Amino acid sequence: AKLANELAFEWPTPMFERLTQAAIDVVNAKVVHVQDVKDITSDSRFWYAVGWLQFLYSVNSLPCNTRRLDEQGTRGPKVAYERFILEGLNKCEPLSEFHRWRQHQNAKVPDVLTIEPFTLEEDFCSFLTHSNLVPVNFRRVCLICDVWELINQTGDTNPLQLEVPREPHKLLERLKAALQDKLDAELRRPLRVTFLGEEAVGPGVQREFFQVALRSFLDGGHAADDGKAPRLFKCNEQLRTYWFEDSVDNAEAYRACGIILGQAVLNNVLVPNIFPRVLYDLLLHDLGSPRARALGLEDLAMVSEEAALSMRRVLEYGEEDIAEVFGELGWERTGRIPEDIQLTQANKAQFVKAYVEWYLRDSVSRQLDSLSSGFRAILGGSSLLRSMVDSVQLEKIVCGGTMPVDVAAIKQGAVCEGWTQEEQADYLPWFWEVLASFSEAEKVQFVVFVTATDRVPLRGWQDLGLIIQKNGVGDDRLPTAYTCFCQLLLPKFTTRDRLRSGLLLAVANSEGFGLR
């Protein structure tokens, strides 16, 4: 305890960062070699190093539980929790680690700040036991392994065949009809999608399908001929997120939306991050996950800042006439407070909690329950999801993480087509230099331009799979892209400056998965 407090409160943050980074570097350097050993528990020095890293992680959290007299709230961690993620795990074999975890899936990391002496147990020696250190990408692949075990148990691994139109209203109706009568086991299969009247199949078509399908749910059939079909979700212009439209009763459509979200994970496709994080907490609640958080004002603010502000005013009001000032906020709608109970200073927290629960769950229960049932049909059988994933991680599993665009990594996995050896040696280096010189926002725009999404691929930017196809010669052309194939059609410009201005113009005028 003395060492922990000294590190947490007396060590300068830069010195603590260096100590933490040194521990992370040691573990990352050995992690692949440890997995290659038949008996993963045999390298005790490695696992003691992991224990030391867990000790530093717990130390890092200690400031969160303290508050100085002159501070309004508690402090945050000494360094960002993301600094503790062991990226070296992404080089390991997920299936082997998943099977190892299945033998000890109830294992938990002990309280390393208080346990004396610290000894290694067999269930400690599993990477997935240390969920706070595991990269989301690695966890996502392990989750897919978990679901595939369920699929194999049914004996039916044939793809679920779908042929769908591109028009949003027609696509939505087609999905509802195709999915509504199927049992969970029938739905829990990988998709094989084709667009009506088109022959193309494969990963590019799959990715495009999930983009188009999600758009159709957000439009809710708005593109129908009569233009009067109600939207399933309402857009929060300020937060740039979508939430349930509580007046719409369309259980089949919401269930289909949940199925598509689950299928996106099963098919290794990342979808745009357009739902607030509280949705993922609600999905975990429905799964009975111990990692689901209790809902609070910060969750309400993700959906409605106005409603959250009203509830904050109730909590901050300190006068005895609180019932007169805030008694007409519609508390009776919650159905969670007896009619004869009046708002007081003593029970205002209970009133606010009831309102938050009502707003986020009860007021949209028909819509949420249907979407959640569709999501559970695909991923609900995963023991890893039910026990090892919190809402932040689930959001990243579905949508991908936020990671700066790594041009060097994209270049590493890129393929050139139609260029002579001389052009590859002399001209294409201009392209990479120009792209690397873009601002971070411009790099993100470029990724959207060639893929229709700004999300990092599952195993990093090197897996973007960019194809650079030569598309003529001349400064009067502009670059174009086939997003379903991650293919950039790049003209040969006369100068580097012409290349830069042409690429920026094309990227700036492209339309990715934009929120209105």
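Owing to the predicted nature of the structure, the values given are computational and were not obtained by experimental measurement.
Atom CG of Asn137 sits about 11.0 Å away from atom SG of Cys142, to the nearest 0.5 Å. Rounding to the nearest 0.5 Å gives a distance of 13.0 Å between CZ of Arg312 and CD of Glu305. If you take CD on Gln345 and CG on Leu343, they are separated by 8.0 Å, rounding to the nearest 0.5 Å. The OG atom of Ser289 lies 11.0 Å from the CG atom of Leu283; values are rounded to the nearest 0.5 Å. The structure places CD of Gln393 at 8.5 Å from CG of Asn132, a figure rounded to the nearest 0.5 Å.
In terms of modelled atom types and a separation under 3.5 Å, the side chain of Lys396 and the main chain of Val392 share no donor-acceptor contact. Looking only at distances, no side-chain donor or acceptor of Ser304 sits under 3.5 Å from a matching main-chain atom of Leu300. With Asn60 contributing its side chain and Lys78 its backbone, the two residues share a donor-acceptor pair below 3.5 Å. Between the side chain of Arg174 and the backbone N or O of Glu163 there is at least one donor-acceptor pair closer than 3.5 Å. A distance-only check finds a donor-acceptor pair linking the side chain of Glu186 to the backbone of Leu183 [under 3.5 Å]. The backbone N or O of Gly381 lies less than 3.5 Å from a partner atom in the side chain of Arg386, making a donor-acceptor pair. When atom types are taken as modelled, the side chain of Arg231 and the backbone of Glu245 share no donor-acceptor pair closer than 3.5 angstrom. At least one donor-acceptor pair under 3.5 Å links the side chain of Gln367 to the backbone N or O of Asp246. The main-chain N or O of Gly88 is found under 3.5 Å from a side-chain atom of Asn28 such that the two form a donor-acceptor pair. In this structure a side-chain-to-backbone donor-acceptor pair under 3.5 Å is missing from Gln211 to Val271.
In this pair, Phe55 and Trp52 present their aromatic rings parallel. The plane angle is below 30°, not in the 30 to 60° band.
For the residue pair Leu191 and Asn267, the shortest heavy atom distance occurs at N-OD1, 3.2 Å. Heavy-atom minimum distance, Phe118 versus Pro110: CE1-CG, 4.3 Å. In this structure, Arg333 and Tyr355 approach most closely via the heavy-atom pair NH2-CE1, 3.5 Å. When every heavy atom of Phe375 is checked against every heavy atom of Gly262, the shortest pair comes out as CD1-N, 3.8 Å. Pairing each heavy atom of Leu89 with each of Phe138, the nearest pair is O-CD1, 3.1 Å. The minimum heavy-atom distance between Trp47 and Phe124, with the atom names listed, is O-CE2, 3.6 Å.
Donor-acceptor pairing under 3.5 Å is recorded for the side chains of Asn268 and Arg140. Tyr359 and Thr334 share no side-chain donor-acceptor pair at under 3.5 Å. At a cut-off of 3.5 Å, with distance as the only test, no side-chain donor of Thr483 or Glu208 sits close to an acceptor on the other residue. Using modelled atom types and a 3.5 Å distance limit, the side chains of Glu121 and His104 yield no donor-acceptor pair. Side-chain N/O atoms of Asn347 and Gln342 include no donor and acceptor closer than 3.5 Å. Between the side chains of Ser372 and Arg376, at least one donor N or O lies within less than 3.5 Å of an accepting N or O. When only modelled atom types and interatomic distance are considered, Ser365 and Asp362 share no side-chain donor-acceptor pair under 3.5 Å.
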Under the criterion side-chain hydrogen bond (donor to acceptor under 3.5 Å, both in side chains), I'd like the reasoning laid out for Glu149 against Asn152: C-alpha separation, chi angles, the key distance, then a yes or no.
CA-CA 5 Å; Glu149 280 207 349; Asn152 289 327; over 6 Å; no
Go through Gln263 and Leu266 one step at a time and tell me if the side chain to side chain contact (heavy atoms under 4.5 Å, CB included) criterion holds.
CA-CA 5 Å; Gln263 278 284 355; Leu266 180 59; 3.8 Å; yes
Report the C-alpha separation of Trp11 and Phe16 in whole Å, then their side-chain angles, then the decisive distance to 0.1 Å, and conclude whether the ring-ring contact (aromatic ring centres under 6.0 Å, His included) test is met.
CA-CA 6 Å; Trp11 272 45; Phe16 181 77; 7.3 Å; no
Please lay out, stage by stage, how Thr241 and Phe275 fare under the test side chain to side chain contact (heavy atoms under 4.5 Å, CB included).
CA-CA 5 Å; Thr241 57; Phe275 295 115; over 6 Å; no
Start with the C-alpha gap between Phe351 and Met311, add the side-chain angles, then the distance that decides, and say whether side chain to side chain contact (heavy atoms under 4.5 Å, CB included) holds.
CA-CA 9 Å; Phe351 270 63; Met311 293 300 105; over 6 Å; no
Kindly indicate, with the supporting measurements, whether the criterion side chain to side chain contact (heavy atoms under 4.5 Å, CB included) is fulfilled by Val134 and Ile85.
CA-CA 6 Å; Val134 175; Ile85 298 300; over 6 Å; no
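Considering only heavy atoms from C-beta on, Pro190 stays 4.5 Å or farther from Leu160 through its side chain. Contact of the Ile397 side chain with the Val136 side chain is registered, since non-hydrogen atoms from C-beta on lie closer than 4.5 Å. Leu86 is listed as a side-chain neighbour of Leu53, based on a closest heavy-atom distance under 4.5 Å. Contact annotation: the side chain of Cys92 approaches that of Val31 to within less than 4.5 Å [non-hydrogen atoms, C-beta and beyond]. A heavy-atom distance below 4.5 Å is found between the side chains of Pro404 and Glu440. Between Leu279 and Leu368, the closest side-chain pair of non-hydrogen atoms falls below 4.5 Å. With contacts defined as side-chain heavy-atom distances shorter than 4.5 Å, the pair Met302/Trp243 does not qualify. No side-chain heavy atom of Val59 sits less than 4.5 Å from a side-chain heavy atom of Asn5.
Heavy-atom neighbours of Glu122 CD from other residues, nucleotides or ligands within 6.0 Å: at or below the threshold of 12. Applying the 6.0 Å contact sphere to CD of Glu306 captures no more than 12 heavy atoms from other residues, nucleotides or ligands. In Arg366, the CZ atom is crowded: over 12 heavy atoms of neighbouring residues, nucleotides or ligands sit closer than 6.0 Å. Atom NZ of Lys176 sits in a crowded spot, with more than 12 heavy atoms from other residues, nucleotides or ligands closer than 6.0 Å.
Between Arg277 and Glu395 a salt bridge is recorded (basic side-chain N to carboxylate O distance below 4.0 Å). Between Glu252 and Arg255 there is no salt bridge, since no side-chain N of the basic residue sits under 4.0 Å from a carboxylate O of the acidic one. Salt-bridge formation is not detected for the pair Lys108/Asp123: no Lys NZ or Arg NE/NH1/NH2 atom is positioned less than 4.0 Å from an Asp or Glu carboxylate oxygen.
Taking the six-membered ring for Trp and the full ring otherwise, the centers of Tyr81 and Tyr57 sit less than 6.0 Å from each other. In this structure, Phe233 has its ring center under 6.0 Å from that of Tyr254.
The ring pair (Phe, Tyr, Trp, His ring centres under 6.0 Å) pairs that include a residue from residues 304-324 are Tyr317-Phe326, where partners are two or more places apart or lie in different chains. Applying the salt bridge (charged side-chain N to carboxylate O under 4.0 Å, His left out) rule to pairs touching residues 278-298 yields Asp281-Arg293, Asp286-Arg361, Arg291-Asp390, Arg293-Glu298, Arg293-Asp299, sequence neighbours excluded.
Partners of Asp181 according to the side-chain hydrogen bond (donor to acceptor under 3.5 Å, both in side chains) rule, which considers only residues two or more places apart in sequence or in another chain, do not exist here.
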